[in-house]
Number of protein chains: 6
Amino acid sequence: VSGLIIMRILLINGNTSQHITERVASEARRVAGPGIDFRAVHADFGARLILTRADNAIAAHAVLTALAKHHSGCDAAVLAVSTDAGLAAARQLSPIPVVGMTEASLLTACMVGGAFGVLVFDRRSAPVFRELVLQHGLDARMTCLHAIEMTPTDFIEPDRVREKVLRAITDVANTGADSVVITGAATAGMAHALQAEAPLPLLDGISCGVFQARLLADMKLPKPKIGSYSSLATHDVVDLDPDLMRLLRAQ
Amino acid sequence: VSGLIIMRILLINGNTSQHITERVASEARRVAGPGIDFRAVHADFGARLILTRADNAIAAHAVLTALAKHHSGCDAAVLAVSTDAGLAAARQLSPIPVVGMTEASLLTACMVGGAFGVLVFDRRSAPVFRELVLQHGLDARMTCLHAIEMTPTDFIEPDRVREKVLRAITDVANTGADSVVITGAATAGMAHALQAEAPLPLLDGISCGVFQARLLADMKLPKPKIGSYSSLATHDVVDLDPDLMRLLRAQ
Amino acid sequence: VSGLIIMRILLINGNTSQHITERVASEARRVAGPGIDFRAVHADFGARLILTRADNAIAAHAVLTALAKHHSGCDAAVLAVSTDAGLAAARQLSPIPVVGMTEASLLTACMVGGAFGVLVFDRRSAPVFRELVLQHGLDARMTCLHAIEMTPTDFIEPDRVREKVLRAITDVANTGADSVVITGAATAGMAHALQAEAPLPLLDGISCGVFQARLLADMKLPKPKIGSYSSLATHDVVDLDPDLMRLLRAQ
Amino acid sequence: VSGLIIMRILLINGNTSQHITERVASEARRVAGPGIDFRAVHADFGARLILTRADNAIAAHAVLTALAKHHSGCDAAVLAVSTDAGLAAARQLSPIPVVGMTEASLLTACMVGGAFGVLVFDRRSAPVFRELVLQHGLDARMTCLHAIEMTPTDFIEPDRVREKVLRAITDVANTGADSVVITGAATAGMAHALQAEAPLPLLDGISCGVFQARLLADMKLPKPKIGSYSSLATHDVVDLDPDLMRLLRAQ
Amino acid sequence: VSGLIIMRILLINGNTSQHITERVASEARRVAGPGIDFRAVHADFGARLILTRADNAIAAHAVLTALAKHHSGCDAAVLAVSTDAGLAAARQLSPIPVVGMTEASLLTACMVGGAFGVLVFDRRSAPVFRELVLQHGLDARMTCLHAIEMTPTDFIEPDRVREKVLRAITDVANTGADSVVITGAATAGMAHALQAEAPLPLLDGISCGVFQARLLADMKLPKPKIGSYSSLATHDVVDLDPDLMRLLRAQ
Amino acid sequence: VSGLIIMRILLINGNTSQHITERVASEARRVAGPGIDFRAVHADFGARLILTRADNAIAAHAVLTALAKHHSGCDAAVLAVSTDAGLAAARQLSPIPVVGMTEASLLTACMVGGAFGVLVFDRRSAPVFRELVLQHGLDARMTCLHAIEMTPTDFIEPDRVREKVLRAITDVANTGADSVVITGAATAGMAHALQAEAPLPLLDGISCGVFQARLLADMKLPKPKIGSYSSLATHDVVDLDPDLMRLLRAQ
């Protein structure tokens with residue numbers, strides 16, 4: 001836990017878009033301070049901006065490939081994709097701890113105490129997030145999942161939606177929440193920008209992901225030797241990225 | 001529902017192994033009778049035999065690719081991968097109904113009545129199946145998930161494990177189950193082979209998948225026009241199989 | 001599954017009213033095509049139109065009696081009573097597969113994928129349907145149970161409520177549902193009439209019941225030999241319908 | 001609550017057997033003291049000893065008929081049938097409070113504090129009791145449902161199974177239970193006979209039913225005027241017992 | 001159960017305010033009739049009017065202390081604090097049965113039948129009551145938890161809020177509830193005052209607490225000899241009230 | 001997150017025993033490294049070693065008092081009491097973040113991934129821990145709660161039970177767990193001592209508590225301004241510790 005330890009965290013953007021990678025890395029650096037170095041990469045294939053269930057399934061494979069290519073020399077990895085696509089698979093495959101940005105924000109909200117509300121920025125994806133909270137086993141802690149619509153321009157110029165998002169945060173607060181999870185990789189930094197005006201703690205997936213990744217790296221827990229998250233070599237694989245094949249076979 | 005309608009069902013094996021494709025297709029043909037034609041394909045990339053969480057995540061992408069390449073001219077698709085890898089994504093992407101083999105067997109068990117037990121053939125994958133039943137929202141109907149270990153040889157010569165599996169079925173029955181789901185693509189046909197000696201109805205994923213796919217094809221329900229399973233074009237995609245890119249963009 | 005097999009399905013209307021029997025039989029024939037023959041009967045005693053918890057309890061007995069009298073020569077039975085009254089009892093007692101209309105529509109909605117909403121046509125009965133979904137263990141798949149009021153005339157001239165029902169379907173869709181279950185025996189056919197204008201697949205209990213009954217008849221699964229759904233003779237019974245007494249004792 | 005108030009409780013045995021009625025009435029009188037008078041009746045039709053799901057469905061109708069015939073002049077009713085068959089229907093129909101024997105014992109166990117275990121005397125009926133606890137919404141309070149087999153002779157000469165039942169109670173206690181619900185109308189009085197040797201409070205359905213029925217009668221709460229338990233006349237009924245028809249129409 | 005038995009019930013007000021003690025005792029005497037004598041006491045330390053989570057934690061200790069000081073000669077105790085603060089601890093420690101006022105009203109609502117709604121009079125405490133219902137394992141029976149705000153004056157002159165509370169009761173009824181739990185020690189008697197105008201049975205914690213305490217006292221069940229509610233002496237304690245220390249050590 | 005920031009964490013032992021305080025502080029210092037300073041205190045009143053529900057209720061008050069006396073100048077607090085006694089109250093009352101040792105270990109286990117098992121060292125307290133996991137809303141993540149008995153000597157000379165605890169860990173692993181939470185303040189350090197021989201990551205409450213407290217202190221999230229965890233002055237309090245009264249009134 002001491003300050004002199006230098007740590008490197010791998011940030012994997014599951015979207016194939018450089019500007020989201022940059023936004024994510026920028027927020028990570030802001031919260032981390034000088035003690036942590038980041039390697040920020042993005043998926044090699046798939047959607048520029050993940051929207052659908054199909055996009056997410058493809059991103060899971062892309063995230064594994066990026067992990068295989070870039071994890072060497074890193075102490076932990078954060079998946080910067082709002083649906084935590086590929087998280088369980090990456091965690092099983094990876095020699096280093098892996099954290100999903102939304103999972104990290106949900107668990108940090110639990111650590112803050114009481115119940116959380118979740119804010120999503122696309123009505124269509126609300127059921128996907130609801131399933132995600134359920135898969136993380138945290139639905140008993142959620143008071144509501146609140147969806148508002150944002151335009152592509154809104155993401156680029158977040159000041160346009162400042163009032164709208166603050167109103168949504170108030171709506172979430174009225175459901176009995178004690179904190180609000182702001183979802184999305186493209187919205188990294190929004191929680192920080194709005195916190196001063198919000199009645200509840202706002203949790204940003206990238207910020208929480210970085211802090212929880214540091215925690216896991218510092219705790220130096222061993223990987224499970226048994227069970228569905230332990231290493232198991234899959235020797236006989238066909239036509240994958242060479243680094244991914246190597247990692248699959250090396251387990 | 002009449003007998004004269006000829007239907008074609010696409011069987012997608014998520015493993016990259018021809019012999020599982022053949023076993024699956026053989027069981028499908030046995031139960032379907034003359035009215036249904038099958039197109040049986042397998043994943044182009046990934047594990048020969050899916051074992052781990054990472055293998056499953058890769059298979060989800062492979063299943064989508066196979067669907068994009070082969071669905072044309074088919075009335076419904078059955079995913080022959082025991083974890084239903086890629087099911088939600090395929091269902092959202094696909095113009096035809098898509099059925100997962102394990103989901104189909106769980107829902108058919110519900111239709112039979114009462115509670116079901118689930119038999120899995122690999123201790124390590126038990127938690128993955130438990131999560132699957134939970135994701136399908138059917139855990140309230142499950143009395144137990146019972147795991148036994150089989151060797152690769154056991155799968156090829158199932159007579160070697162006949163007694164062992166029947167004992168496991170009896171153990172499941174003693175938990176209060178009213179039917180038993182026999183999981184696995186590689187075990188297709190085992191339920192049929194053991195039914196006469198079992199105290200409860202045995203449900204085979206391929207058999208149930210074929211019948212439920214026929215049901216959906218016959219019902220001719222429209223695709224949802226809204227929500228997370230509706231079509232939505234993802235125009236801006238990078239470096240995917242051309243057929244998959246075409247289907248993603250065509251939505 | 002072949003088209004040449006002729007099958008006979010018993011439709012048991014739990015209400016003692018001939019006109020609901022006719023409406024149900026008409027919808028069943030419409031969806032089934034020439035391969036399936038129907039025997040449509042109704043309860044001999046109880047409410048003309050089941051409304052209350054007491055009516056339902058009486059209907060359960062009436063359904064068992066009708067099953068005992070009319071199942072001979074049939075391949076499966078569908079209970080045409082919206083609360084699935086008597087379903088578990090009938091399934092345990094019956095030598096042929098028994099399907100409840102609402103259970104069938106809920107499970108078919110699961111097979112379609114994602115989550116379902118449920119539309120009921122009597123505010124007072126909403127809690128009964130909520131309990132029913134819970135008893136079927138499917139509440140995790142339900143986004144909402146939406147009740148609207150219909151007058152007796154509305155049931156006879158459904159065009160009067162077309163707009164009202166379509167608005168309700170839109171309300172259900174906004175809860176994140178991926179399909180809508182239209183409950184009720186008296187509303188058989190309404191889903192078909194409204195489907196073209198609805199944003200989501202609409203599931204009719206009779207239609208789903210017929211398809212799921214065909215599926216179970218085709219699968220030829222044995223009855224459980226043990227457990228609470230297996231046959232067990234109750235020799236010592238007092239003052240029941242002779243056919244019902246015979247079936248109870250014959251187990 | 002004062003001692004001078006004389007109260008009459010109707011005991012309805014859902015089995016058509018006089019000797020169970022007598023055993024139930026005897027236990028009721030033992031616990032009630034001089035302030036309460038009992039009218040003990042049994043079902044006019046159905047199984048002598050309820051065993052199966054079908055028997056229970058028939059008993060529900062029989063219980064309603066007995067209630068209609070005999071409730072007049074009583075302050076509350078206790079259903080002496082271990083599955084609480086017909087309880088919700090009777091409660092909706094009845095002008096006086098109705099208590100189910102198993103429901104009463106489960107709620108009294110909650111009042112005692114902590115978690116309860118449930119002891120059933122027929123392996124085959126265990127799932128039915130599990131469903132019952134779930135329908136009463138009390139599964140979170142149950143540590144186990146433990147089934148032991150008893151022969152008909154065992155019920156008549158309970159001393160034969162004294163040791164066996166005490167061992168089962170100890171097994172239940174080891175699951176973390178704080179009390180044990182002894183199910184069954186035919187076992188009325190067994191809890192009292194074994195209490196001195198048991199490590200936990202034992203709850204008898206008849207005893208709990210009498211005390212809870214007295215509580216409801218004393219509280220003089222009104223019937224709901226709205227909702228699925230309120231009165232609603234079903235005018236148009238066919239071929240039922242005249243008293244039951246009168247009560248159905250009178251609502 | 002006979003009327004000649006005189007019983008004494010200890011009422012422990014967890015607030016340190018005499019006027020709430022008096023209101024509680026007055027409602028208890030109104031419902032109990034001449035057969036029951038009450039000893040009404042209040043906490044010696046802590047908040048005059050419990051508002052926050054911290055106030056409740058302190059009240060739990062105060063309730064134990066009051067129990068230790070005053071239980072001698074009583075047949076049962078009712079905790080008159082709306083959050084049931086200290087209930088599990090008091091029940092474990094106490095030689096006589098202990099009932100919490102809100103737990104008693106929730107379980108009585110279950111006994112009445114169907115589902116209940118809960119009315120709380122302070123928006124801020126709504127999550128605390130939600131947790132309480134969950135801890136009692138009764139959330140499956142709750143249709144809603146409805147919060148309205150009352151001023152201190154409103155509590156003293158309840159006629160000012162008569163219309164507001166009746167409107168809230170109607171709102172609760174519209175969620176499908178079959179009864180309404182009126183929470184709060186300071187609102188004791190409100191249910192009685194409003195019942196005639198309400199569409200559903202109203203349950204008052206003090207009234208229910210008294211009736212359930214009488215029921216437990218009459219049943220004379222033994223304390224558990226094992227488990228987390230059994231007696232266990234804690235000999236080595238530091239700096240507590242002498243009566244509490246004596247009771248802790250005496251177990 | 002940088003290494004130069006010096007942080008002070010308050011450790012509050014809920015037991016009134018100096019040697020547990022020392023053991024806890026020793027484990028905290030071991031994991032924290034030079035960047036964190038600790039202030040370790042214990043409860044002023046209550047049980048030397050908390051055993052029962054009553055002991056825990058008293059400890060909650062003692063924890064609040066210790067927090068009020070000692071939080072000044074600290075950046076976060078860890079409650080070193082295995083049942084997290086007083087956690088919600090302390091979190092609401094405290095101006096600095098408060099972490100419970102067991103809550104911290106459960107949430108860290110979630111962060112590690114998959115499901116956890118929980119190991120407790122006193123059969124009698126198993127239900128209390130089960131309730132705790134449920135109150136934290138994390139029961140869906142738990143595969144089992146496994147209790148073994150330890151003698152007071154075992155706690156002092158943990159080498160005596162090394163084999164026994166490792167066997168229990170293996171039992172937990174066989175339930176499908178991916179990590180094991182080792183409960184108890186008196187067992188602080190045991191996880192570290194056994195990790196090398198265990199097949200799964202072992203989570204120690206003190207170690208996890210320190211890391212999660214550091215995370216919350218670093219994140220500098222504001223306290224909620226509304227809801228049941230926000231500050232609210234309770235002005236009118238009677239006969240409490242002066243520091244606690246000051247903090248209650250200062251809110």
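Because the structure is predicted, anything quoted here is derived from the model rather than measured. Throughout, a chain's letter reflects where its sequence line sits, starting with A, and its residues are numbered from 1.
- In this structure, F:H192 and F:D204 have side chains that are not in contact, with every pair of non-hydrogen atoms separated by 4.5 Å or more.
- Heavy-atom pairs under 4.5 Å with chain A peak, among F:S207, F:G137, F:P224, at F:P224.
- No part of F:L106 comes within reach of chain A, as not one of its non-hydrogen atoms sits under 4.5 angstrom from that chain.
- Using a 4.5 Å cut-off between heavy atoms, A:L202 touches chain F through its backbone atoms (N, CA, C, O) alone.
- For F:A177, no part sits under 4.5 Å from any heavy atom of chain A, backbone or side chain.
- In summary, the side chains of A:H70 and A:R39 do not present any donor paired with an acceptor at a separation below 3.5 Å, with no hydrogens or angles considered.
- Inter-residue side-chain proximity for F:F116 and F:V180 is flagged as unmet; no heavy-atom pair is nearer than 4.5 Å.
- With a threshold of 4.5 angstrom between heavy atoms, A:L107 approaches chain F through its backbone and through its side chain.
- A heavy-atom distance below 4.5 Å is found between the side chains of F:Q195 and A:L221.
- Contact check for A:K225 versus A:S230: no side-chain heavy atoms found under the 4.5 Å cut-off.
- Residue contact with chain A, scored on non-hydrogen atoms closer than 4.5 Å, involves the backbone and the side chain of F:I226 alike.
- Summarising the geometry of A:T183 relative to A:V120, their closest heavy-atom pair is OG1-CA, 3.4 Å, with the distance given to 0.1 Å.
- At a 4.5 Å heavy-atom cutoff, the contact between F:P222 and chain A is made by backbone and side-chain atoms alike.
- Between chain F and the residues A:A88, A:G227, A:C110, the most heavy-atom pairs under 4.5 angstrom are made by A:C110.
- In this structure, the portions of F:S228 lying under 4.5 Å from any heavy atom of chain A include both its backbone and its side chain.
- When the candidates F:A140, F:P201, F:A196, F:A198 are compared by the number of heavy-atom contacts under 4.5 Å with chain A, F:P201 comes out ahead.
- Using a 4.5 Å cut-off on side-chain heavy atoms (C-beta onward), A:Q212 and A:S105 make no contact.
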